[in-house]
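Every number for a ligand or one of its atoms is a count from 1 in the order of the listing.
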Amino acid sequence: MARLNKKTLGQLPVAVQKPSPTSGRSKNHILHIGVGGFHRSHQAYTWHKLRQRYPQQYADWTILGVCLMPADRAFVQQFAEQDYLYTLRMRAADGNDDVVVIDSITEVLYGPDDTAAVVHAIAHVDTRIISFTITEGGYNTDFDNHQFIWSNAHIQHDLEPGNPPKTVFGYLARGLAERKEKGVGGLVLMSCDNIQENGHVLRHALLAFLERYDPVLKKWVADHVSFPNSMVDRITPVSTPDDKADFEARFGLHDDMLVVSEDFFQWVLEDTGLTDIPPIDEVGVQLVGDVRPYEAMKLSILNAGHSLVGLLGDALGYTKIHEAVKNPVIAAIFERYALREAIPVLPAVAGVDLRVYFRTVRSRFSNAMINDATARIISGSSDKIPKFLLPVVDKNLQRGDPQVTVAVLVVAAWWYYLHRANKQDGMAAVVDNKREEIKVLFADESTSADQFLQYRPVFGDLSANPVFVTNYTKCVSMFRKEQVTELLNHVLEGA
Ligand code: CS2
């Protein structure tokens, strides 16, 4: 079957929205690092809409993508073969969908093969925004004590200016140094990852790196670069062979880069320091003075809720999020978590009723059309749980009447997942940056639950908290006896 590219684009039926042609070569005002499905369903879609609405004025707001992970080489090659065109299929729960071919990405570089080109692009006068979806772990920050992680061997390698860079900080340092030399001025560095105060975290991490790399450059960056915080939201599962086969059957072309997402979209961006940026608020971006309440709401209800549904669902044998969330006990536990544990410790968000927000999130999770897997949600839990769930626990533990029973259950369910994975195949199938460290904690199964909770890089000093430990021990003991349904009911009855 023919593949989607510039030549075949015209063969797609009218049901697919095709980009109207824009003239000439654009200038790539945006450089984006981490061109995964989420970037393509969210930021690339937004820039696409802007260019479609204002084809003359904002034709140059296209994206030069950069991938840095070893597994990305083949992806970059395939994307080039499609002339960087891809389809976004936004699927509503009622079966309706919007199918759009996106053309806002004009090229993608694979950093290790094209290091000089990436560095020069960072320094290029046309580049106005560098945005990032590099995952929570990509910021190389110990979130427990807010310190940059110097023990990372790749960071040590990147501190030597003569070495070809391996980390995002190494690339930025070299590119920004060139930019400063050329005198082309500052730019915006925009984090689009699920981290509270993602802009501040990026700024802190980059300035920490530059302090050792080149303190004069650090000062220049602090003075010339802005780091807006943002809240980004659109559930984007990994597209499956079935998704691609379905696309082929309906539309007659093959698209290796197909992205399937839900129809919901939200992007809340801090509007301070955003000079010379086009009016993306006209294509769905909310510009606000303080993004932090929005971030807290989304991380604590949606992302922590995802972990809850994913881990409890997995414990009950579900593999899909939409099926797990329809289980009445899981749905009720999610509600208890939101109403009793999360919402009471969240700041107010102007114009938003947090209970309504929760119900919308729960109904988004039940969208069968996006077919999200519990495995995607559970992957990377050692980066996710400390940023999504544990801040809610911390805030509760500072209150007179802490409400943490569901959060503790989720942590125990994570232990249970690892416990089973360890017995099954020594955690071979576990996808997690800290898998090797975690495996060591499970060397002796009889003490693994305690060892796990004492693992400071994830849990900080939570194992010293008697409220948390008492609840956790109860949950673990029932999980060990495989009394999963009883345990979930027990937590609910505690209501
Ligand atoms: C998910 C997120 O990975 C996860 O655990 O919670 O990828 C989630 O789907 C997005 O943040 C939605 O905006």
Thinking salt bridges, do Asp97 and Arg250 make one under a 4.0 Å N-O criterion? yes

Identify all pairs of nitrogen or oxygen atoms, one from ligand 1 and one from the protein, separated by less than 3.5 Å, and list them with distances.
unit_1, atom_1, unit_2, atom_2, d
ligand 1, 3 (O), Lys384, NZ, 2.9
ligand 1, 5 (O), Lys384, NZ, 3.1
ligand 1, 6 (O), Asn303, ND2, 2.9
ligand 1, 6 (O), His306, ND1, 2.7
ligand 1, 7 (O), Arg376, NH1, 2.9
ligand 1, 9 (O), Arg376, NH2, 2.9
ligand 1, 11 (O), Asn194, ND2, 2.9
ligand 1, 11 (O), Lys298, NZ, 2.7
ligand 1, 11 (O), Asn303, ND2, 3.0
ligand 1, 13 (O), Asp233, OD1, 2.6
ligand 1, 13 (O), Arg234, N, 3.0
ligand 1, 13 (O), Lys298, NZ, 3.1

Which side chain to side chain donor-acceptor pair (under 3.5 Å) pairs, counting each pair once, include a residue from residues 323-333, with sequence neighbours left out? Tyr318-Asn327

Working for side-chain hydrogen bond (donor to acceptor under 3.5 Å, both in side chains), residues Trp415 and Ser448: CA-CA 8 Å; Trp415 166 82; Ser448 67; 3.0 Å; yes

Sub-6.0 Å ring centroid separation between Tyr139 and Phe132: no

Which donor-acceptor pairs under 3.5 Å do the side chains of residues 195-206 make with protein atoms, sequence neighbours left out?
unit_1, atom_1, unit_2, atom_2, d
Gln196, OE1, Ala296, N, 3.4
Gln196, NE2, Arg292, O, 3.2
Gln196, NE2, Glu295, OE1, 3.3
Glu197, OE1, His200, ND1, 2.4
Asn198, OD1, Ser230, N, 2.9
Asn198, ND2, Ser191, O, 3.2
Asn198, ND2, Asp193, O, 3.0
Asn198, ND2, Ser230, O, 3.0
Asn198, ND2, Ser230, OG, 3.2
His200, NE2, Asn229, ND2, 3.4

Tell me every residue that passes side-chain hydrogen bond (donor to acceptor under 3.5 Å, both in side chains) with Asp72, counting only those two or more places apart in sequence or in another chain. none

